[in-house]
Number of protein chains: 2
Amino acid sequence: MADINFNELIRQSGGSPGEAAADADPQPPRWDIIELLFFAYRDFVGDADHVLEAFGFGRAHHRVVHFVCRYPGLTVADLLDVLRITKQSLSRVLKQLLDEGYIVQRAGDSDRRQRLLFATAKGEALVEKLARLQTERIDRALRDLPPAGAEAVGKFLRAMIDRDDPDKVLQTILHGGASAKDVT
Amino acid sequence: MADINFNELIRQSGGSPGEAAADADPQPPRWDIIELLFFAYRDFVGDADHVLEAFGFGRAHHRVVHFVCRYPGLTVADLLDVLRITKQSLSRVLKQLLDEGYIVQRAGDSDRRQRLLFATAKGEALVEKLARLQTERIDRALRDLPPAGAEAVGKFLRAMIDRDDPDKVLQTILHGGASAKDVT
DNA sequence: CCTGATATGTCAACATGGCTGACATAAATT
DNA sequence: AATTTATGTCAGCCATGTTGACATATCAGG
């Protein structure tokens with residue numbers, strides 16, 4: 001293995017000292033948070049990856065069945081807004097999930113062009129299995145924090161999300177509170 | 001657009017009530033955090049994506065040049081550990097970054113088989129440009145938190161990362177503190 | 001009722017960035 | 001001298017994103 005001593009090699013926080021020399025470093029890069037986000041998210045989604053592999057699915061399938069399960073009656077258009085992918089990309093994974101009985105469609109009530117999507121019991125079971133894994137990791141990470149700390153984490157994550165052009169699901173998450181029915 | 005009322009459709013937190021009926025719901029899924037992580041990370045990396053596109057690069061290039069810039073002298077093997085990809089995948093993007101002058105190689109001192117990687121000024125400029133964008137988002141999100149809140153976010157992210165089989169870079173991040181030289 | 005807009009589905013082609021397997025070279029190690 | 005290690009490279013496959021074009025069903029308005 002390589003024998004580098006990283007502790008001597010880490011780039012120091014200050015910028016290269018050949019610039020204007022007095023620009024007061026407006027916003028020193030948050031190297032720590034940037035990298036922690038990378039590693040944390042990698043391991044977070046990694047939990048699900050192993051299980052998904054056994055089902056012959058990928059992350060794309062997880063995202064689709066997750067949001068359909070969580071927001072029953074979601075239309076295809078809504079799902080496209082949430083995932084921000086093209087309908088061609090969606091249709092590939094959605095078709096598999098439909099064929100294999102993880103999701104069912106129903107024509108819309110007021111608009112019969114729409115396909116309302118619902119997770120089957122099979123789909124719900126998969127989503128819950130995956131969520132359980134990820135929840136374990138989250139609980140473990142929140143366990144050592146005071147209640148105010150856990151609250152801060154939620155606030156932080158919300159504040160990291162773009163406010164402009166939020167889709168309906170995102171609106172619900174940001175404003176409705178996860179088990180909402182108390183939105184005006 | 002679809003006219004679903006999400007507030008009526010959100011799946012309630014409790015599980016399906018057809019089970020053992022008295023298993024006390026060991027760990028209710030953290031739907032909120034799971035979804036916030038998805039959206040937050042999507043927007044977080046989205047910042048960089050637009051800039052990268054202008055350079056003809058993708059996320060893979062960003063990760064490589066980022067870690068090389070941050071940990072100068074990183075070997076190829078170390079980089080593979082950090083990114084957890086195969087050398088074939090790495091070589092594709094690494095070659096481009098070398099050809100276009102964002103990164104340079106040098107033979108190792110003690111082991112001349114190794115290729116120590118260093119970011120050029122051009123590479124550093126790109127990394128800092130991207131880090132500045134992401135830092136703005138992070139600062140914005142931390143701004144409204146008390147100091148204890150920001151600390152909680154860091155702790156949370158660290159605790160979300162797998163401890164087993166950590167590579168050297170990760171060791172440094174988790175234990176060395178971002179500007180470390182005080183590790184025994 | 002006809003017309004145009006909308007919601008969805010589908011075909012074809014392509015790009016990125018993962019992967020495996022096989023093999024080559026140079027340098028270190030034994 | 002033989003083996004192992006660090007790296008590079010070729011060839012091909014897979015998952016998942018993209019664009020463009022086009023078909024169908026349905027809604028909505030004159």
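Lettering follows sequence order; numbering is per chain, from 1. All of these numbers come straight from a predicted model, not from anything done at the bench.
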Between CG of A/Leu94 and P of D/dA15 the distance, given in whole Å, is 17 Å
Can you tell me whether the side chain of A/Lys87 and the base of C/dG9 have a donor-acceptor pair closer than 3.5 Å?
yes
Shortest side-chain distance from B/His61, nucleotide among C/dT10, C/dG18, C/dG17:
C/dG17
Are the aromatic ring centres of B/Tyr71 and B/Phe118 under 6.0 angstrom apart?
no
Would you state whether a donor and an acceptor, one from the side chain of A/Arg115 and one from the base of C/dT8, lie under 3.5 Å apart?
no
Does the ring center of A/Tyr41 lie less than 6.0 Å from the ring center of B/Phe44?
no
When the nearest nucleotide of DNA chain C is assigned to A/Leu98 and to B/Gly56 on a heavy-atom basis, which residue is associated with the more 5' position?
A/Leu98
Consider the side chain of B/Thr86, meaning its heavy atoms from C-beta on, and name the nucleotide among C/dG17, C/dT20, C/dA27 that approaches it most closely.
C/dT20
D/dG17 C1' sits how many Å from B/Arg42 CZ, rounded?
15 Å
Ignoring hydrogens and geometry beyond distance, is the side chain of B/Arg92 in donor-acceptor contact with the base of D/dG8 at under 3.5 Å?
no
Rounded to whole Å, how long is the line connecting atom CG of B/Leu80 with atom P of C/dC19?
10 Å
Given DNA chain D, 5'-ward residue of the pair A/Arg112 and A/Ser89, judged by closest heavy atom:
A/Ser89
Whole-Å distance separating the CZ atom of A/Arg59 from the P atom of C/dG18
10 Å
Hey, is the main chain of A/Met160 close enough, under 3.5 Å, to the side chain of B/Arg137 for a donor-acceptor pair?
yes
How many whole angstroms separate atom CG of A/Asp49 from atom C1' of C/dC19?
14 Å
Minimum-distance nucleotide to B/Gln88 side chain [options: C/dT10, C/dG21, C/dT8]
C/dG21
Rounded interatomic separation in angstrom, taking CG from A/Leu79 and P from C/dA7:
15 Å
Picking from C/dG17, C/dA26, C/dT8, which would you name as closest to the side chain of B/Arg113?
C/dA26
B/Gln105 (side chain) and D/dG8 (base): donor-acceptor pair under 3.5 Å
no
Ionic contact status for B/Glu100 with B/Lys122, cut-off 4.0 Å
no
May I ask you to check whether over 12 heavy atoms, not counting those of A/Lys129, lie within 6.0 Å of atom NZ?
no
Could you state the atom-to-atom distance from CD1 of A/Ile103 to C1' of C/dT8 in whole Å?
15 Å
Just how far, in rounded Å, is P of C/dG9 from CG of A/Leu116?
11 Å
